[in-house]
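In what follows, a structure is listed as structure tokens, so that the remarks can point back to it.
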Amino acid sequence: MTDWQIIAQHIAQTTGEAFNPQEPRSMGGGCINTGVRLGDGRRNYFVKLNRAALLEMFEAEADGLRALAQTRTLRIPEPLCSGLCDGESYLVMEFVEMGHGARDGAALAGERLAAMHRHTQSGFGWIRDNTIGSTHQPNRLIADWVAFWRENRLGFQLDLAARNGYSGALQRKKGERLLERFPVLLDHQPEASLLHGDLWGGNLAYDSSGQPVIFDPAVYYGDRETDLAMTELFGGFGSRFYDAYQAAWPLSPGYSTRKTLYNLYHILNHLNLFGGGYLGQAESMIDRLLAEV
């Protein structure tokens with residue numbers, strides 16, 4: 001059982017103010033972490049918990065949140081501290097009181113995401129590896145986008161799938177052919193934009209004032225289209241979001257094909273995390289892509 005006093009002491013040391021929490025309140029959480037609201041009646045914090053071995057995952061997430069916050073575009077929960085407690089790792093961050101987006105909330109989110117993507121650097125990758133879900137995500141800097149996506153994204157996930165027992169048609173007959181055809185499919189030269197990295201509908205919300213908030217990132221610098229593609233994978237963003245993004249920074253021709261390639265990364269990751277229910281979807285996506293070349 002978590003010793004909340006240890007975490008409370010870490011919060012007090014970090015903030016310089018005494019913090020004597022009341023009973024923690026479960027906030028549910030996704031399929032990866034446990035989420036808890038910890039407050040003393042005056043201040044509240046959001047605490048994420050997982051196995052002790054995943055502390056580095058939380059440390060990388062905190063660095064990602066700070067990188068996104070530095071753009072001063074979308075609202076980002078501020079990370080406070082992380083550590084180990086009773087065999088668990090934890091990450092403490094600002095508790096954001098959520099509400100409902102205003103009528104123009106989705107448009108504001110699209111416009112601000114485009115502004116965030118305007119923050120670029122010269123190479124693809126990031127200062128450190130992190131995770132996508134709980135899967136290791138390599139971010140070794142590579143100057144060429146095609147090489148980065150082939151080696152650090154799809155190639156990595158296909159190799160992991162083979163180690164997980166999916167080394168038949170997915171790996172040898174389909175995946176290898178797809179990796180060979182990358183230069184044809186990735187037929188443009190994107191800027192290396194700062195990305196959220198895991199931007200599905202569950203990672204965008206609105207605070208009590210209606211401002212869009214993004215969280216649970218898998219940050220790196222890459223083609224901005226990968227963030228947009230992820231928003232389409234499970235839906236929930238709406239036409240106002242896309243219209244505002246396009247008005248702020250239009251996408252390049254060929255995006256409709258590239259988004260399948262980019263979303264294949266996430267479907268392969270789901271296959272590796274959750275099992276064979278995603279195998280057929282991954283294979284059909286590869287088939288569609290190979291039909292394009």
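When reading the values below, keep in mind they use all heavy atoms of this one structure, side chains included, and skip hydrogens, waters and symmetry mates.
- In the hydrophobic clustering, where aliphatic and aromatic side chains (Ile, Leu, Val, Met, Phe, Trp, Tyr) are joined below 4.5 Å either directly or transitively, Leu141 stands alone.
- No path of Ile, Leu, Val, Met, Phe, Trp and Tyr side chains, each step under 4.5 Å between heavy atoms, connects Leu108 with Leu113, placing them in separate hydrophobic clusters.
- Ring to ring, His100 and Tyr206 are not that close: their centroids are 6.0 angstrom or more apart.
- If you check the side chains of Thr135 and Asn272, you find no donor sitting under 3.5 Å from an acceptor.
- No side-chain donor from either of Tyr265 and Thr226 sits under 3.5 Å from a side-chain acceptor of the other.
- Comment: Asp187 engages Arg258 in a salt bridge, judged by a side-chain N to carboxylate O separation of less than 4.0 angstrom.
- Pairs engaging residues 33-61 under the ring pair (Phe, Tyr, Trp, His ring centres under 6.0 Å) rule: Phe19-Tyr45 [sequence neighbours left out].
- Within the structure, the side chain to side chain donor-acceptor pair (under 3.5 Å) test picks out the following pairs touching residues 50-59 (sequence neighbours left out): Asn33-Asn50.
- The hydrophobic side chain of Ile6 is isolated, with no ILVMFWY side chain under 4.5 Å apart from it.
- Here Asp216 contributes atom CG and Ile132 contributes atom CD1; the two are 10.5 Å apart, rounded to the nearest 0.5 Å.
- Put simply, the side chain of Thr131 gets close to the backbone of Gly133: a donor and an acceptor are under 3.5 Å apart.
- Side-chain contact annotation: Asn152 with Asn139, donor-acceptor N/O pair under 3.5 Å absent.
- Leu268 approaches Ala282 most closely through the heavy-atom pair CD2-CB, 4.0 Å.
- Applying the side chain to side chain donor-acceptor pair (under 3.5 Å) rule to pairs touching residues 75-84 yields Arg75-Glu94, Arg75-Asp207, sequence neighbours excluded.
- Identified under the ring pair (Phe, Tyr, Trp, His ring centres under 6.0 Å) test for residues 211-232, with sequence neighbours left out: Phe148-Tyr220.
- Asn130 and His136 share no donor-acceptor pair across their side chains, judged by distance under 3.5 Å alone.
- Contacts of Asp159 classified as side chain to side chain contact (heavy atoms under 4.5 Å, CB included), with partners at least two apart in sequence or in another chain: Arg163, Gln171.
- Grouping Ile, Leu, Val, Met, Phe, Trp and Tyr residues whose side-chain heavy atoms lie under 4.5 Å apart, directly or via other members, places Leu84 in a hydrophobic cluster with Leu55.
- Connection of Trp200 to Leu271 is established within a shared hydrophobic cluster, with ILVMFWY side chains joined at heavy-atom distances below 4.5 Å, either directly or through further cluster members.
- Taking hydrophobic clusters as Ile, Leu, Val, Met, Phe, Trp and Tyr residues chained together by side-chain heavy-atom distances below 4.5 Å, Tyr166 does not share a cluster with Leu160.
- A salt bridge between Glu97 and Arg37 is present, with a side-chain N of the basic residue lying under 4.0 Å from a carboxylate O of the acidic one.
- Electrostatic pairing of Asp40 and Arg43 counts as a salt bridge here, judged by a charged N lying under 4.0 Å from a carboxylate O.
- Under 3.5 Å, the side chains of Glu232 and Tyr262 contain no donor-acceptor pair of N or O atoms.
- In this structure, Leu204 CG and Leu74 CG are separated by 7.5 Å, a value rounded to the nearest 0.5 Å.
- Cluster annotation: Leu179 and Leu264 are assigned to the same hydrophobic cluster (Ile/Leu/Val/Met/Phe/Trp/Tyr, side-chain heavy-atom contacts under 4.5 Å, transitive).
- Pairs passing the side chain to side chain donor-acceptor pair (under 3.5 Å) check and including a residue from residues 283-293, sequence neighbours excluded, read Lys174-Asp287.
- A salt bridge does not link Glu191 to Arg118: none of the charged side-chain nitrogens sits closer than 4.0 Å to a carboxylate oxygen.
- Phe95 and Val213 fall into different hydrophobic clusters, defined by Ile, Leu, Val, Met, Phe, Trp and Tyr side-chain heavy atoms under 4.5 Å apart, directly or through other members.
- Remark: the backbone N or O of Gly197 is paired with a side-chain donor or acceptor of Asp227 at under 3.5 angstrom.
- Residue pairs meeting the ring pair (Phe, Tyr, Trp, His ring centres under 6.0 Å) criterion with at least one member in residues 69-93, sequence neighbours excluded, are His10-Tyr90.
- With sequence neighbours left out, the ring pair (Phe, Tyr, Trp, His ring centres under 6.0 Å) criterion links Tyr255 to no other residue.
- Evaluation of the ring pair (Phe, Tyr, Trp, His ring centres under 6.0 Å) test over residues 104-125, restricted to residues two or more places apart or in two chains, returns His117-Tyr245, Phe124-Trp145.
- Taking 4.0 Å as the cut-off between side-chain N and carboxylate O, Asp63 and Arg66 count as a salt-bridged pair.
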